[in-house]
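Taking it in order: structure first as structure tokens, then the write-up.
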Number of protein chains: 2
Amino acid sequence: MALEKKWVTMGDVAREAGVGTITVSRVIRTPTKVSQTTRDKVQAAIAKLGYVPDETAGALSSQRSRMVGALVSTLEASIFASTIEGLSTGLRAEGYQLLLGNTEYEPETEASLAATMLGRRPDALVLTSDQHTEAARTLMNRAGVPVIELWELPESPIHAAIGFSNAAAGEAITRHLVETGRKRIAFIGPDRANDRRGQLRQSGYLRAIAGQEPRVALMPADLKGAGIGAAGLAQILERYPDTDAVVCVSDAIALGAYCEAMRRGLSVPRDLALTGFGDFDLASDAGLALTTLRIDGHAIGAKAADLILSGTKAAPLPPTVIDMGFELIRRGTS
Amino acid sequence: MALEKKWVTMGDVAREAGVGTITVSRVIRTPTKVSQTTRDKVQAAIAKLGYVPDETAGALSSQRSRMVGALVSTLEASIFASTIEGLSTGLRAEGYQLLLGNTEYEPETEASLAATMLGRRPDALVLTSDQHTEAARTLMNRAGVPVIELWELPESPIHAAIGFSNAAAGEAITRHLVETGRKRIAFIGPDRANDRRGQLRQSGYLRAIAGQEPRVALMPADLKGAGIGAAGLAQILERYPDTDAVVCVSDAIALGAYCEAMRRGLSVPRDLALTGFGDFDLASDAGLALTTLRIDGHAIGAKAADLILSGTKAAPLPPTVIDMGFELIRRGTS
DNA sequence: GCAAGTCATGGTATCGATACCATGGCTCGG
DNA sequence: CCGAGCCATGGTATCGATACCATGACTTGC
């Protein structure tokens, strides 16, 4: 341990201020427990020395890391961007920080990332991935760390969940097309074995078209959003030329389908109605004016932060499943 | 500290395997220094007990946290998504993890986040924000933590930088329009005082149109991408009805401008050429087929990971500025 | 006026891992 | 056959903060 001294320690501050180390700790964590004059002295010393408390040491001795691990299925397509933002903003207010991991829709990756993250002893784990390996479930249960699943309402939540019913959402947007007179409705999504959310939306679609013939195109996921939409619409029109509406599993996919429709000279929504999912920027009136289903990702993230911060060592947060709902936004494509 | 025992410790594993704790540590960190038989014994004990090493304690004693702090200007619009992804994937391979913070283009927020992050004693700090307060610079310098700035080539880098010249990029894409015969070129971007990257692209635009009249629309940043593009184009056409090309500071803004042009019955690219920036999914041939400037965000992130992992305690990474360049992608809008 | 209680503060053990140094067994060259 | 040198392993101090308990000064109620 003969490393050159690099960081100012709490002891240095204590010496400078002429107090005990514990008093410095209190000035930082629980200022009300220290008299005004002492507090000022200590704060002056902190400023003078440029002291930055070592959270690593604090975490070890207090057994609270003030870190939250977040495992997201994907960083692309901005799907979870606002959720992460809401979460991180909420946590920052209390000095908590976010550890980020990207599972890429792979349960195996999720399991390995979860294990690595638990090594940091986070105070909570947030998952936007919905498929967990048995090993991961065991690990997370045994760890005693609260686990919050987002963007879904799982049948058997690990602990808590905040989201909405993807099946109901898929059903709602499809029903909107049915109700506006569409008779031959198709569905486009990526072909991803571990994307349960997408599968649930598809099941909602199937329920809503009851009576109509299902027309589903699942395209290779490596095409990315727009590519999936464009290729998917091409496939649908080839197999079912008389299709008059398409439900896309995301706004990005809807963009691809929209552009493909333009290229084919189809009029939207006259010849073909189109819906997205998520209500991202590109769907707005200033953009494609896409009929879509709005998910308030920011609110989901903020709610998760609330939940985490409200749980304490003494009273861990109770198992809960919170339905944040969704909202149909009708714009120009339907 | 009378907390119930929750986690299996290295001592537990050592006892189970009948070895010293340090041997367990070596099995995890430097397996080659332990004999095969002992290694097997220890690994069996680890598996049996479900031991997850406490990185918090490891960080404290080894003075290496295996964490990298990343401060991004924004999580939205997926601008930095691939960079973060490249970074996190590269780091994961070595068991490093990512601490994420969102500065929202606010130098003050960046400074406060940087301070919080330094409390975790990260092994490196990665910034995609380009404006730093004086306090933040001082803090980062004093901390002795390598700082890597991304997506730019700063004149006075804090330490290392990986990116490209935003001014040259703005100039290149504008020059492309000049060379393809456009005579009255406008520029649309957000009105963000602390977005130096955008300002540099604008300065490149100004340099490239030399001789032409500058036509710049900077719209309120809270409109978001597509809104900025749509409102920006409207403003440009009102003030300069004969505009024949528009340089947009991002692909998302170009989408808004594109849709606005459609609504006005303008033909792209005949009446109006349009360019974006970033080459995100929506710009692809399957999407808008947008002429744009490709930035390889993933490569930038991956390179940053390499750089961080190559630096050791003994030989900290040398100050470097790496130009990753950019690529003009000509598609259907010019 | 005194016991009981509150407030501000400090001392010391401790969290769980790793660094440093030490040790015993073994190989190998002369 | 012996000492130099390597390999595998262990003991102990330590990283920098916080928890717990203790202490002395001062307030308050009856």
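So you know, we letter chains A, B, ... as the sequences are listed, proteins then strands, and number each from 1.
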(request) Let me know the distance between CE of Met67(A) and P of dA17(D), rounded to the nearest Å. (result) 16 Å
(request) Not counting sequence neighbours, which residues clear side chain to side chain contact (heavy atoms under 4.5 Å, CB included) with Lys48(B)? List them please. (result) Glu16(B)
Using atom names, set out every protein N or O paired with an N or O of nucleotides 25-27 of chain C below 3.5 Å, distance rounded to 0.1 Å.
none

(request) Applying side-chain hydrogen bond (donor to acceptor under 3.5 Å, both in side chains), name anything that partners Thr37(A), two or more places apart in sequence or on another chain. (result) Ser35(A)
(request) Taking only the side-chain nitrogens and oxygens of Gln36(B), find out if one of them lies under 4.0 Å from OP1 or OP2 of dA8(D). (result) no
(message) Please report the distance, rounded to the nearest Å, between CG in Leu118(B) and P in dG16(D).
(response) 16 Å
(message) Show me the pairs that pass side-chain hydrogen bond (donor to acceptor under 3.5 Å, both in side chains) and involve residues 94-103 of chain B, at least two apart or across chains.
(response) Arg120(A)-Gln97(B), Arg64(B)-Tyr96(B)
(message) Between P on dG10(C) and CZ on Arg15(A), what's the gap in Å once rounded to a whole number?
(response) 14 Å
(request) Round to a whole Å and report the spacing from CH2 of Trp7(B) to P of dT14(C). (result) 23 Å
(message) If the condition is side chain to side chain contact (heavy atoms under 4.5 Å, CB included), which residues does Lys303(B) pass it with, not counting sequence neighbours?
(response) Ile162(B), Ile322(B), Met324(B)
(request) Starting at atom NZ of Lys33(B), determine the distance to atom C1' of dT18(C), rounded to an integer number of angstrom. (result) 12 Å
(message) Counting only side-chain nitrogens and oxygens, does Gln63(A) get under 4.0 Å of the OP1 or OP2 atom of dT14(C)?
(response) no
(message) Filter on salt bridge (charged side-chain N to carboxylate O under 4.0 Å, His left out), then keep only pairs touching residues 17-39 of chain B, sequence neighbours left out; what's left?
(response) Arg29(B)-Glu55(B)
(message) Applying side chain to side chain contact (heavy atoms under 4.5 Å, CB included), can you list everything that pairs with Glu106(A), at least two apart in sequence or on another chain?
(response) Thr109(A), Asn194(A)
(message) Need to verify one output field. Residue with the more 5' nearest nucleotide on DNA chain D, Gly20(B) or Arg121(B)?
(response) Gly20(B)
(request) Just compare dA17(C), dT18(D), dT9(D) and give me whichever is closest to any side-chain atom of Ser35(B). (result) dT9(D)
(message) Looking at Val8(A), is its backbone amide N or carbonyl O close enough to the side chain of Asp12(A) to form a donor-acceptor pair, meaning the two atoms are under 3.5 Å apart?
(response) no
(request) Within residues 21-31 of chain A, find the residues that approach DNA chain D with a heavy atom at under 4.0 Å, and present them sorted by residue number. (result) Ile22(A), Ser25(A), Arg29(A)
(message) So that I can tick it off, tell me whether Glu149(B) and Arg196(B) are bridged by a salt bridge, with the cut-off set at under 4.0 angstrom between side-chain N and carboxylate O.
(response) no
(request) Write out all pairs satisfying ring pair (Phe, Tyr, Trp, His ring centres under 6.0 Å) with one or both partners inside residues 114-158 of chain B, taking only residues at least two apart or from two chains. (result) Phe80(B)-Trp151(B), Trp151(B)-Phe164(B)
(message) Test of understanding: with side-chain hydrogen bond (donor to acceptor under 3.5 Å, both in side chains), list the residues that count as partners of Arg121(A), not counting sequence neighbours.
(response) none
(message) Expected output is a numbered-order residue list: members of residues 46-58 of chain B with a heavy atom under 4.0 Å from any atom of DNA chain C. What is it?
(response) Tyr51(B), Pro53(B), Asp54(B), Ala57(B), Gly58(B)
(request) Taking side chain to side chain contact (heavy atoms under 4.5 Å, CB included) as the test, write out the residues that go with Leu98(B), two or more places apart. (result) Val68(B), Ala70(B), Ile84(B), Leu87(B), Ser88(B), Leu91(B)
(message) In this structure, how many angstroms lie between the C1' atom of dT14(C) and the CG atom of Leu60(A), rounded?
(response) 9 Å
